[in-house]
Amino acid sequence: DPVLYLSARVAALPDGLVVVLADDLTASHRIEATRRDFVANVSHELKTPIGAISLLAEAVEDAADDPDAVRRFAGRMGVESARLADLVSQIIDLSRLQADDPLAEPQVVDIDQVLHDAVDRCRVDAEQRGVTLTFGGAHGAKVLGNARQLSTAVGNLVENAVVYSDPGARVVVAAHTRAHSEDDDVEITVSDTGIGISSADAERIFERFYRVDYGRSRANGGTGLGLSIVKHIAASHGGKVGVWSQVGRGSTFTITVPAHLAEVRAADHEGLRA
Ligand code: ADP
């Protein structure tokens, strides 16, 4: 690839010549390649439900004399359009996240509130599935970042914990602050006693569109984007995600983010809490 180097004689360059620093150029190539992959994956993923809906529409036309069949096909069209709607809204979430740096205009985020929001959002679903959802407390944890993004991340983890569990399972959501000499880390954990994940799958579940056991996952109607959104949010807060799991036993997902303690204290002191 051609690489132009920015020199001290930049003023002598003719008008309209674009000069890019070598590092920026390689980075921009990488970003462009990731973007191309993403667009290819998105088109592939969108084509599946769209294809199913148009086949079902044909089937409905052909079965016009058979009300039972029409009802059945219509039901499946409903399922496929719901899946399409989920995909579109998660793709929009992902692209919004990429444009929205949580540390550009950080707020002091009360993790208690974040966990409560996530648990509240999943409570009805958990009840319907016979899963017990418990809030284990956040012990006053606070971080510097974006409350809405962190709620999305924790919500995705709780949603998964509820979905990938059988009736009778338990899900616990909690957070702890771990002190270090430099700064504190806040560790948010979502633990379930659900179906668990094999170690081979665990290595890949944070990739975009990756789903375990197609049959079962598809039955649950997911998109394979939830965990890549979680990973993106953790990373843009300067943190990371992790998972511990055993098949048949359950899983514990962890988001660890730096608290930026000094800034949190200063903001609290000035009464700037968001
Ligand atoms: P999906 O929309 O399929 O849930 P995610 O990115 O959220 O997409 O998750 C990717 C895959 O990881 C899921 O399809 C599922 O197989 C697996 N997974 C995620 N969370 C859990 C969990 N708590 N227990 C078991 N498997 C899980």
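Both ligands and their constituent atoms are indexed starting at 1 by order of listing. Because only heavy atoms are used, hydrogens play no part in the values below, and waters and symmetry mates are left out as well, while side chains stay in. Computed from a prediction, not measured in an experiment: that's the story for all the values here.
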| task | Please determine if I195 has a nitrogen or oxygen closer than 3.5 Å to a nitrogen or oxygen of ligand 1. | result | no
| task | Please could you name the atoms of ligand 1 that S251 approaches to less than 4.0 Å, counting only its heavy atoms? | result | 24 (N)
| Taking non-hydrogen atoms only, is I197 closer than 4.0 angstrom to ligand 1 via side chain, backbone, both or neither? | side chain
| request: Please state which part of D192 comes within less than 4.0 Å of ligand 1, counting heavy atoms only: side chain, backbone, both or neither. | output: side chain
| query | NE2 of H44: more than 12 outside heavy atoms within 6.0 angstrom? | reply | no
| task | For D192 and S251, indicate whether the former's side chain and the latter's backbone hold a donor-acceptor pair under 3.5 Å. | result | yes
| request: Return a yes/no value for Q90: is any of its N or O atoms, backbone included, closer than 3.5 angstrom to an N or O of ligand 1? | output: no
| Contact check, N156 vs ligand 1, heavy-atom distance below 4.0 Å | no
| remark: Here the atoms of ligand 1 under 4.0 Å from any heavy atom belonging to A161 are 23 (N)
| said: Rounded at 0.5 Å granularity, tell me how far CZ in R121 sits from CG in L133. | reply: 11.5 Å
| query | Does E203 CD have over 12 foreign heavy atoms under 6.0 Å away? | reply | no
| task | Mark the output for F206 as yes if a heavy-atom distance to ligand 1 is under 4.0 Å, and as no if none is. | result | no
| request: Quick one: pull up CG in D184 and NZ in K142 and give me the separation to the nearest 0.5 Å. | output: 12.5 Å
| query | In terms of the angle between their ring planes, are F135 and H116 parallel, tilted or perpendicular, with boundaries placed at 30° and 60°? | reply | tilted
| message | Looking at ligand 1, would G196 count as a contact under a 4.0 Å heavy-atom criterion? | response | yes
| Would you say Y210 and ligand 1 have an N/O pair spaced under 3.5 Å apart? | no
| query | Quick one: which ligand 1 atoms are inside 4.0 Å of a heavy atom on G224? | reply | 1 (P), 2 (O), 3 (O), 6 (O), 8 (O)
| Would you find a donor on one side and an acceptor on the other, under 3.5 Å apart, between the side chain of T193 and the backbone of R170? | yes
| Quick check: does F253 get an N/O under 3.5 Å from an N/O on ligand 1? | no
